[in-house]
Amino acid sequence: MSRSNNNISSNNNHNSGRDNAGGTSSSERKPQRGGYKISALEELFNSDAYIRNVYSIAKDQAGCRMLQHKLDENNSEVTNTIFNEVLNHIVELMMDPFGNYLCQKLMDICSNHQLQMILDAVCNDLVDISLNMHGARAVQKLIDVIRTTPHIPRLVAALEGSIVPLTQDANGNHVVQRCLEALPPETRSFIFRAVATDAVEVATHRHGCRIVQRCIDAAAGHDRQQLVSAICVHTLTLVQDAFGNYVIQYVLGLNDAQANSDVVRALLGRLGVLSRQKYSSNVVERCLQLANDEDRLLMIRELSDSRVLGELLRDVYGNYVVQSALTVTPAPELARVLGCVRPLLPSLRANGQGRRIAQKLEKKYPQLRNGGSNTGPTGGSGSGSRGGAAEATPGNSSTASQGLGFGGPGSQDMQQAIGSPSRGGGMQSGYPPHEGGGDQGRSGAGNKRRGPAPPDRGSSSAGPNNSNNTNNNTNNNRRRDGGDTPISGAR
């Protein structure tokens, strides 16, 4: 056995920087010391009687630390004795608030043969251990030490059938992330296959939507194409979901021309309804920014259709989509779109919210006010695009009319009376805002912008891998307790 230079202290947070979401009990979050007094422990260790009590001592805070110090003495006989005692109770100790640190210490210093013995002992319970707050830390350590050994296939076989439930668990999702980070690239395919097969189930979950994005980052070649294709197939479902819309925005940010076109084509014909929904309206704006010229022009023409344009301008979400569309409309087409907007301005000024929108449009596009022929916008107050950067509980805030054709004729007003709804900024693209952070809201009438919410806290070792946020594009999601009635059916 080789000596490890660093003790794993039961007081530190090594390899465990996750939040305590998921309903963990207060006793699990704040473990109490065991029943040993310090004087009794010192007597046990001075007389070597601790060898016969490793299991109970390992579950005590001070005792666990003293056992780790014994391992640092590099006495092979003592180390082997402690290992054998721990191995007899390895499953329970890996899930113990203090015992898991001793297990991690042993994994750091044990031989390949002893690692195989640990795997033999825990394989049948590896998923259950991964779902436990303390056990997940020990499993991550096990993954770290196994990645350079011949035992990877055994680990993969133990986890392979349970990837989806692990991605949806507050603790288990960190185990999946550690597999993506630590295992050799050629061994990760079992994760990509599982996520692609159940793309909607994983992507519409609070924790799962992060795993989908990390999978896209880690995959390459065929695996990545399989993931992106599985997501694009379910575009219409995902864009209307509180968490799934982040996944679609993340795919758009990859700048994959084929994927972006697939997303846009899935939305065409339904833009009138989707632009008035809280989650999907963000995706519509993102598509306007990142679509190719041909697809963008199709979107602009549908949004400027006289049958839906008035409703969009009066809607708390739709007015932002129209403003974003105007900022990306090429000059020849802009004159036509502004010509469609101009007749709607008198009715728009009939209420306070509409009046402010009309004033903003007239300030940026003076030709709306004087009927001139200039097609270029002035500096003014900027576009309707949100300046915030983008985990909250989904609900319902609007109802969507169905049966829309191109441009959505016959649609009904979807917005329920929800007071002064906000459309707030959030974290970086692809990530839901932090659960405790509240809404970075803004009045739909005043078009106010809020700054970015704080990123998800948690260390890179066990929490979500914030350092891998390769997509720096702005995420413009609104997060409140409300939601939308999804559009059903495929195009």
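Since the model is a prediction, treat every value here as computed from it, not as a measurement.
The main-chain N or O of Glu201 is never found under 3.5 Å from a side-chain atom of Asp198 such that the two would form a donor-acceptor pair. A donor-acceptor pair is defined here as one N or O able to donate and one able to accept, closer than 3.5 Å; no such pair exists between the side chain of Thr79 and the backbone of Ser76. Within the 3.5 Å criterion, the main-chain N or O of Leu131 finds a donor-acceptor partner in the side chain of Asn171. Using a distance-only test at 3.5 Å, with no hydrogens or angles considered, no donor-acceptor pair links the side chain of Arg276 to the main chain of Gly318.
Sorted by first and then second residue, the pairs that involve residues 85-94 and meet salt bridge (Lys or Arg N to Asp or Glu O under 4.0 Å), not counting sequence neighbours, are Lys59-Glu92. Residue pairs meeting the salt bridge (Lys or Arg N to Asp or Glu O under 4.0 Å) criterion with at least one partner in residues 145-156, sequence neighbours excluded, are Asp120-Arg154. Listed by first and then second residue, the salt bridge (Lys or Arg N to Asp or Glu O under 4.0 Å) pairs that reach into residues 121-131 come to none, sequence neighbours excluded.
For the pair Val176 and Ile191, the minimum side-chain heavy-atom distance is below 4.5 Å. The shortest distance between side-chain heavy atoms of Asn80 and Gln114 falls below 4.5 Å.
Not a single ring pair (Phe, Tyr, Trp, His ring centres under 6.0 Å) links Phe190 to another residue, sequence neighbours left out. His151 is linked by a ring pair (Phe, Tyr, Trp, His ring centres under 6.0 Å) to nothing, counting only residues two or more places apart in sequence or in another chain. For Ser261, the side chain to side chain donor-acceptor pair (under 3.5 Å) partners at least two apart in sequence or on another chain are Asp295. Taking Pro184 as the reference, Ile152, Glu186, Thr187 meet the side chain to side chain contact (heavy atoms under 4.5 Å, CB included) condition, with sequence neighbours excluded. Every residue two or more places apart in sequence or in another chain was checked for a side chain to side chain donor-acceptor pair (under 3.5 Å) with Thr197, and none qualifies. In this view, Asp223 and Ser189, Phe192, Ala219, Gln226 satisfy the side chain to side chain contact (heavy atoms under 4.5 Å, CB included) rule, not counting sequence neighbours. Under the rule for a side chain to side chain donor-acceptor pair (under 3.5 Å), the partners of Gln258 that lie at least two apart in sequence or sit in another chain are Asp262.
Taken from OG1 in Thr149 to CG in Leu155, the straight-line distance is 8.5 Å, to the nearest 0.5 Å. The OG atom of Ser324 lies 9.5 Å from the CG atom of Asn319; values are rounded to the nearest 0.5 Å. Atom NE2 of His205 is separated from atom CG of Asp169 by 8.0 Å, given to the nearest 0.5 angstrom. The distance from atom OG of Ser281 to atom CZ of Arg286, rounded to the nearest 0.5 Å, is 13.5 Å.
A donor and an acceptor atom, one from each side chain of Tyr55 and Asp96, are nowhere located under 3.5 Å apart.
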List the atom pairs, with distances to 0.1 Å, where a side-chain N or O of residues 156-166 and a protein N or O form a donor-acceptor pair under 3.5 Å, not counting sequence neighbours.
unit_1	atom_1	unit_2	atom_2	d
Glu160	OE2	Arg193	NH2	3.3

Indicate every side-chain donor-acceptor pair of residues 227-236 with a distance under 3.5 Å to a residue at least two apart or in another chain.
unit_1	atom_1	unit_2	atom_2	d
Ser229	OG	Gln225	O	2.8
Ser229	OG	Gln225	NE2	3.0
Thr235	OG1	Cys232	O	2.7

